[in-house]
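Everything quoted here is computed from the prediction, not taken from an experiment. Numbers restart at 1 for each chain; the letters A, B, ... are given by sequence-line order, proteins then strands.
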Amino acid sequence: MKEETGDETVLDVLERRGLTRRAFLQVCAAVTSALALSPAEAARITQVLASKPRPTVIYLSYQECTGCLESLTRSFSPGIASLIFNDISLAFNDTLQAAAGEAAEEAKDSAMKKAWGKYVLIVDGAVPLAENGAYCTVAGRSAVSDLRHAASGAAAVVAVGTCASFGGLPYAAPNPTGAVPVSEIVRDRPIINVSGCPPIAEVITGVIIYYTTFGLPALDRLHRPMSFYGNSIHDRCYRRPFYDRGMFAKTFDDEGARQGWCLYELGCKGPVTHNACPTMKWNGGTSYPIESGHPCLGCSEPDFWDKGGFYRPLSVPTGHWSRAGVMGAAAAAGVVAGLGAAVAARVRQDRTHKPDAGGDTNQKTPKS
Amino acid sequence: MSRPDRVIPIHPAPAPPSVVADALMREIAAALSRYAQDGQPHVIDLSAMPLSEDDTQRLDEQLGTGEVAIEIRSLLYTRVEETRYAGVWRVRHEDPDGSMRGEQIEITDIPEIVRASAADIGRSVQRLCADRAEEDA
């Protein structure tokens, strides 16, 4: 983690370590590549990283499973793109640091004090409000009061993961702890939501580095960066041509599944899910869930846990209506095929489930 | 337990068609003639491009290799190579473990990263003088 200094730039830090300007240019090139910057931004990055004080990043975890931090630290590009984040900027992270107990709390306070008003606060996890926040406390302090305090000294807040962004699993019905997303508590700071369960590692570092270099990125209506969440999974899916032709896998082991047809009827939430999975992929660009034959769960959308079942087809193909104007006739035919498929799949599901239970096909298990 | 008869083959994602290489070559040609006229350097970041394997191969073939190859061993390992067209360079950055961290095509006389910067030369002057003084003492 970073050493204690004033308004150093990334260039200063590298020089202090005895590295030359060539090392600095290498960092700039790697960041440009990692963020897939536009030519205009790429031209500016050298100047920005040489002149702008490096950011202080404070990472706080509340009601979460540490899956987001796992995604981040197991990133396949731990080298240079995260160098700015890990080595140069990260001032506090309770899970990664060696210090414990009072020493850890002291480290947090001093990191905040030193950069008060200027640091980037990363929050991982939802925040429970029930019973005065007693469901999540750190060092005798509730998550909600800890977050209020930390956010009041932050320049901006980055909510990492679906829990911090939209409540996620803690927020799922019946939400016994009264969990809420960060945006319910922090209202007077810019918030960037980096949703996903977990988010793609390169997206987490990318957003943080982008913010600390260029400032707030363009955000969608759910406050997610457009550069990573601008397209739906469906829009960028390599199986989209099968959807457009109405070719769907009906079960996980039929001919359609073998041939890699569209997983829409198996409950794919791709049409209503915005994320970068089809383009950035997972595990160092290896693949993404649909490529492994599994429908998208929609984990980067609000309430994905409560949307009526991962394997239940969407009732209406909604994700691409806004693009209807630019779609060709073949694609338009696909919409109709999709609608028909949804109805057919629902009928089939109801048929298979109704005889024994007759109730809600989603929550009934054979045992009950 | 392995049951080969139960393995469900997954249809691989089809490779994207090779169209980017041609577009890139056109951009390089335009940038090089601009550079010849007004000396304005140009950088193309390849990592932002959806290059297929076919694209990469065609780019390699068309750009070829020139007379100069430079290795930079700094924070990263960088290889700077002239192409068969003078003024067109390929710059590749790798981690110590060999994984690619970025690749650019630069249209200029000498890529910026090769030059020793004024600040580095200044620090070298100090270091060299200090080393000399130590030796003389």
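- When heavy atoms are compared at a cutoff of 4.5 Å, B:R115 approaches chain A solely by way of its backbone atoms N, CA, C and O.
- A:A29 touches chain B through backbone and side chain together, each having a heavy atom under 4.5 Å away.
- A:P313 places none of its side-chain heavy atoms less than 4.5 Å from the side chain of A:L266.
- Checking B:E81, B:E103, B:E106 one by one against B:R90, the salt bridge (Lys or Arg N to Asp or Glu O under 4.0 Å) holds for a single residue, B:E103.
- In this structure, A:R245 is positioned above the aromatic face of A:F242, its NZ or CZ under 6.0 Å from the six-membered ring centre and within 45° of the axis.
- Ring geometry for A:H294 versus A:F252: interplanar angle under 30°, hence parallel rather than tilted (30 to 60°).
- Only the backbone of B:V114 comes within contact range of chain A, judged by heavy atoms closer than 4.5 Å.
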